[in-house]
Chemist: 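The structure that follows is given in the form of structure tokens.
Any value given below was found using the heavy atoms of this structure, including those in side chains, with hydrogens, waters and symmetry copies removed.
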Amino acid sequence: MQKVVMNPVDYLSSEKKEEYFHSLNKKNVNLFNELLESSKGIEEKTAVEDPFMKMDYKTLIISCYVLGEKIEKGLKNDESIGVLLPTSVVHVLTLFSIFKAGKTPALLNSSMGIKSILDCIDSGQLKTVITSKSFVEKGGFELLIKELEKTLTVLYIEDLKAAISQSDKAKGYIQYQIKKQVKASRNELILFTSGSETKPKGVVLSHGNIYANIYQIFSMLPFYAHDKVFNALPMFHSFGLTTGTLFPLLTKLSVFLYPTPLHFKEIPAVVFNSHSTILFGTSTFLEKYEKAAKKHHFSSLRFVVAGGERLKPEVRDAYLIKSAVRILEGYGCTEAAPVICFNALPLYKTNTVGMFLPGVQYKIVPVEGISEGGRLLIKGPNVMKGYLQYEQGFIPAPEWYDTGDVVKQDEDGCITVLSRLKRFAKLSGEMVSLNLVEQIAAKCYQRTDFYAVCVPDATKGERIVLFTTFNEIEAAKLKKYVKIEQLSQMNIPHTIENINSVPLLGSGKVDYVTLTQQAKILFTPKI
């Protein structure tokens with residue numbers, strides 16, 4: 001007898017059901033207004049902090065009224081405003097101030113490089129960027145700022161703060177007392193794709209998209225009023241923005257923000273000292289934190305949330321064994337604001353990304369040459385409005401958004417992500433998953449540092465190159481393992497190459513584009 005696939009909503013308490021359906025039906029959402037609602041009854045509670053400062057909900061909102069007024073009056077002709085800041089209290093304040101001003105923030109990825117950032121600015125038709133003198137100095141972005149100043153206005157948050165008068169503060173306090181709400185014609189936010197294949201695209205998300213996704217997540221996770229989220233993920237990435245920052249602030253929680261996820265040795269101690277109960281991270285970052293952590297560092301955590309890339313089973317097991325902390329894995333993409341599936345209790349199922357969030361409709365379409373699973377298409381209240389394409393302007397999203405991922409669904413309704421469709425190599429007409437090649441190598445050698453890419457091959461169409469930081473690898477051992485396990489010989493890479501370190505994107509994902517470029521150089525004929 002076939003099992004009935006349960007709807008996650010069936011598991012919700014009556015209170016969570018009411019909040020969830022309310023979020024889906026809400027019209028003309030502005031996230032500043034939602035921050036006002038979230039703060040009711042908890043005005044003195046810490047909303048957001050970082051290593052340098054903290055703000056309770058009341059102080060944050062008053063500050064947004066004041067700074068938002070400055071932005072609204074000073075940038076009357078700007079519909080969209082670029083934001084170039086680290087994950088911090090100042091970034092949160094700037095973001096909600098722009099929401100309060102009724103304008104659209106476009107979050108710029110500082111790790112992209114000057115040319116790609118300039119392309120983002122062109123795509124978003126930005127005339128102004130807000131940044132911080134401290135951030136520019138510490139990050140070494142002086143050359144970038146010089147380039148930006150050739151085409152637009154650069155505003156420093158320090159200068160905006162210095163221009164605030166006592167009367168400005170008084171007006172902001174009065175607005176807070178009457179809880180003045182925003183009535184904006186455009187309630188949007190822009191994030192940018194990496195531009196790994198073409199020019200970066202702007203992903204236009206409505207406030208309603210983000211708000212719906214927050215309550216889709218809220219409906220599936222066991223949060224309590226005393227919870228504190230720790231987030232070091234960049235806010236220019238949808239995982240760090242929606243789940244790591246906006247989610248706690250709009251569900252009456254506290255969030256501790258850390259300016260960079262790359263301080264692997266320092267972050268475990270900060271998690272402990274901040275008394276955080278929920279940690280967000282990518283598998284790559286979480287693995288490095290766990291290796292640097294002492295046993296007590298994660299003792300305050302109730303659970304960890306992983307996303308942005310596939311969670312390695314070794315990382316999941318390491319947290320459970322060393323710290324008795326379970327990692328709950330989510331899956332999504334920027335275009336879905338970002339979460340699509342979540343593997344959460346009581347629906348938790350190992351080696352899957354769980355069920356679709358309530359409200360997400362989906363199709364799994366067969367792909368020629370791939371025998372298992374199919375291409376995932378989705379639609380729902382969290383799916384973007386559309387793209388800002390370089391030199392093309394705004395392009396509305398289709399009815400069904402194609403994720404480009406190949407997935408399979410089991411009898412319980414849980415999803416396993418097999419690979420990106422672009423993460424397949426075509427060898428002599430056969431489709432081979434590069435993710436599977438990595439997983440086989442990881443099981444063979446009992447370590448996780450393997451990264452597979454494909455490059456053109458004159459004989460077979462493509463060839464697989466496996467990169468690793470493991471210096472003692474023996475290709476013969478991998479071939480023997482594949483034979484013993486009765487796996488396809490197609491999963492054996494053509495070449496295994498050693499590298500000193502793995503290139504990463506600012507979001508924490510492995511930079512496969514750079515690795516592919518390196519592989520192509522290896523096989524380019526020498527003249």
Chemist: Minimum heavy-atom separation for F192 and G202, please, with both atom names.
Modeler: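 Scanning both residues, the minimum pair turns out to be CD2-CA, 3.6 Å.
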Chemist: Any side-chain to backbone donor/acceptor pair from D412 onto C414? Under 3.5 Å, distance only.
Modeler: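 Pair absent, no side-chain N/O of D412 close to backbone of C414.
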Chemist: When rounded to the nearest 0.5 angstrom, what distance separates CG in L328 from CG in L221?
Modeler: 6.5 Å
Chemist: State which residues pass ring-ring contact (aromatic ring centres under 6.0 Å, His included) with F96; sequence neighbours excluded, sorted by chain then number.
Modeler: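 Partners of F96 under the ring-ring contact (aromatic ring centres under 6.0 Å, His included) test: F99.
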Chemist: Might you work through the side-chain contact (heavy atoms from CB on, under 4.5 Å) test for M355 and F342, ending with a clear yes or no?
Modeler: CA-CA 6 Å; M355 299 180 71; F342 210 93; over 6 Å; no
Chemist: Take Y331 and V339 through the side-chain contact (heavy atoms from CB on, under 4.5 Å) test and state the conclusion after the steps.
Modeler: CA-CA 6 Å; Y331 156 73; V339 187; over 6 Å; no
Chemist: Between the main-chain N or O of I278 and the side-chain N or O of S276, is there a donor-acceptor pair closer than 3.5 Å?
Modeler: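 Checked: no pair found.
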Chemist: Provide the closest heavy-atom pair for M220 versus P358 in the form atom of the first, atom of the second, distance.
Modeler: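 The pair with the smallest heavy-atom distance is SD-CD, 3.8 Å.
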Chemist: Is there a side-chain contact between N187 and V29 (heavy atoms, below 4.5 Å)?
Modeler: no
Chemist: Please name all residues satisfying side chain to side chain contact (heavy atoms under 4.5 Å, CB included) with K312, sequence neighbours left out, ordered by chain then number.
Modeler: S283, E287, R310, E314, V315, T448, Y451
Chemist: Which residue pairs pass the ring pair (Phe, Tyr, Trp, His ring centres under 6.0 Å) test with at least one member in residues 241-266, sequence neighbours excluded?
Modeler: F223-F247, F230-F256, Y258-H263
Chemist: Could you walk me through whether S88 and D50 pass the side chain to side chain donor-acceptor pair (under 3.5 Å) test, one step at a time?
Modeler: CA-CA 6 Å; S88 59; D50 61 29; 4.8 Å; no
Chemist: If you compare all heavy atoms of M490 against all heavy atoms of L427, which two are closest, and at what distance to 0.1 Å?
Modeler: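 Of all heavy-atom pairs spanning M490 and L427, the closest is CE-O, 3.8 Å.
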Chemist: Mind checking the OG1-CD1 spacing from T242 to I217? Nearest 0.5 Å is all I need.
Modeler: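 With rounding to 0.5 Å, OG1 (T242) is 7.0 Å from CD1 (I217).
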Chemist: Go through the steps for R302 and D227 under the test salt bridge (Lys or Arg N to Asp or Glu O under 4.0 Å), then give the verdict.
Modeler: CA-CA 9 Å; R302 292 201 303 110; D227 276 324; 2.6 Å; yes
Chemist: Is there a donor-acceptor contact under 3.5 Å from the side chain of N382 to the main chain of N209?
Modeler: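 Not confirmed, N382 side chain does not pair with N209 backbone.
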Chemist: Within the structure provided, determine whether R186 and S80 are in side-chain contact (heavy-atom separation under 4.5 Å).
Modeler: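 Of all side-chain heavy-atom pairs linking S80 with R186, at least one is under 4.5 Å.
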Chemist: So N351 and R316, side chain to side chain donor-acceptor pair (under 3.5 Å) or not? Walk me through it.
Modeler: CA-CA 10 Å; N351 298 324; R316 179 195 65 213; 3.2 Å; yes
Chemist: With side chain to side chain donor-acceptor pair (under 3.5 Å) as the test, would you mind laying out the steps for S433 and N435 before giving the verdict?
Modeler: CA-CA 5 Å; S433 168; N435 285 2; 5.1 Å; no
Chemist: Is there a donor-acceptor pair closer than 3.5 Å between any side-chain N or O of T352 and the backbone N or O of T416?
Modeler: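 No; judged by distance alone, with no hydrogens or angles, the pair does not exist.
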Chemist: In Å, rounded to the nearest 0.5 Å, how long is the span from OG of S111 to CZ of F236?
Modeler: 4.0 Å
Chemist: Answer whether the closest heavy-atom distance between the side chains of L250 and F218 falls below 4.5 Å.
Modeler: no
Chemist: For the side chain of E329 and the backbone of V353, is there at least one donor-acceptor N/O pair under 3.5 Å apart?
Modeler: no
Chemist: Between D405 and R375, is there a salt bridge with N-O shorter than 4.0 Å?
Modeler: no
Chemist: Return the set of residues passing side chain to side chain contact (heavy atoms under 4.5 Å, CB included) with I364 (not counting sequence neighbours), or none when no residue passes.
Modeler: Y362, L376, V407, Q409, I415
Chemist: Kindly assign one of parallel, tilted or perpendicular to the pair H237 and F239, based on the angle between their ring planes and the thresholds 30° and 60°.
Modeler: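 Answer is perpendicular, since the angle exceeds 60°.
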Chemist: Sequence neighbours excluded and cut-off under 3.5 Å, please list the side-chain donor-acceptor pairs for residues 317-326, or say none.
Modeler:
from	atom 1	to	atom 2	distance (Å)
Y319	OH	L286	O	2.7
K322	NZ	E290	O	2.8
K322	NZ	A293	O	2.6

Chemist: Could you grab the distance from atom CG of L434 to atom CZ of R423, nearest 0.5 Å is fine?
Modeler: 4.5 Å
Chemist: Ignoring hydrogens and angles, tell me if any N or O in the side chain of E309 forms a donor-acceptor pair with the backbone of T284 under 3.5 Å.
Modeler: yes
Chemist: Would you please name every residue forming a ring-ring contact (aromatic ring centres under 6.0 Å, His included) with H275, sequence neighbours left out?
Modeler: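 By the ring-ring contact (aromatic ring centres under 6.0 Å, His included) rule, H275 matches no residue at all.
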Chemist: Going through the distances and angles, do V271 and Y289 end up as a side-chain contact (heavy atoms from CB on, under 4.5 Å)?
Modeler: CA-CA 10 Å; V271 170; Y289 301 155; over 6 Å; no
Chemist: I'd like to know if the side chain of S38 and the backbone of E34 have a donor-acceptor N/O pair within less than 3.5 Å.
Modeler: no
Chemist: Does N273 have more than 12 heavy atoms from other residues, nucleotides or ligands lying within 6.0 Å of its CG?
Modeler: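 Buried by this count: over 12 neighbours within 6.0 Å.
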Chemist: Within this structure, what is the CG-CG distance for the pair L189 and L31, rounded to the nearest 0.5 Å?
Modeler: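 Reported value, rounded in 0.5 Å steps: 8.0 Å.
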Chemist: Can you sort out the partners of K40 under side chain to side chain donor-acceptor pair (under 3.5 Å), two or more places apart, ordered by chain and number?
Modeler: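 Residues passing side chain to side chain donor-acceptor pair (under 3.5 Å) with K40: E37.
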Chemist: Might you point out which heavy atoms bring E188 and T104 nearest each other, and give the distance in Å?
Modeler: O-CG2, 3.4 Å
Chemist: What residues, two or more places apart in sequence or in another chain, satisfy side chain to side chain contact (heavy atoms under 4.5 Å, CB included) together with I370?
Modeler: V367, V406, L421, F424, M431
Chemist: For V182, is there any backbone N or O sitting under 3.5 Å from a side-chain donor or acceptor partner on N33?
Modeler: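 Yes, N33 side chain to V182 backbone: donor-acceptor pair under 3.5 Å.
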Chemist: Any cation-pi pair here, K201 with Y387, using under 6.0 Å and within 45°?
Modeler: yes
Chemist: How about F450 and Y445: are their ring centroids closer than 6.0 Å?
Modeler: yes
Chemist: Is there a donor-acceptor pair under 3.5 Å between the side chain of S39 and the backbone N or O of L36?
Modeler: yes
Chemist: Sequence neighbours excluded, which residues qualify as side chain to side chain donor-acceptor pair (under 3.5 Å) partners of K363?
Modeler: none
Chemist: Taking atom CG of L357 and atom CG of N213, what is their separation to the nearest 0.5 Å?
Modeler: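 Atom-to-atom, L357:CG and N213:CG are 6.0 Å apart.
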Chemist: Would the distance check show the side chain of S254 and the main-chain N or O of T46 forming a donor-acceptor pair, the cut-off being under 3.5 Å?
Modeler: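 Yes; judged by distance alone, with no hydrogens or angles, the pair exists.
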Chemist: Among residues at least two apart in sequence or on other chains, which ones pass side chain to side chain donor-acceptor pair (under 3.5 Å) with T243?
Modeler: none
Chemist: Start with the C-alpha distance between T87 and L233, add both sets of side-chain angles, then the distance that settles side-chain contact (heavy atoms from CB on, under 4.5 Å), and finish with yes or no.
Modeler: CA-CA 7 Å; T87 300; L233 296 169; over 6 Å; no
Chemist: Apply side chain to side chain donor-acceptor pair (under 3.5 Å) to residues D119 and S116 and explain how you reach the verdict.
Modeler: CA-CA 5 Å; D119 287 340; S116 291; 5.0 Å; no
Chemist: By side chain to side chain donor-acceptor pair (under 3.5 Å), which residues pair with K252, not counting sequence neighbours?
Modeler: none
Chemist: How would you list, by chain and number, every residue that makes a side chain to side chain contact (heavy atoms under 4.5 Å, CB included) with F272, sequence neighbours excluded?
Modeler: H296, H297, S299
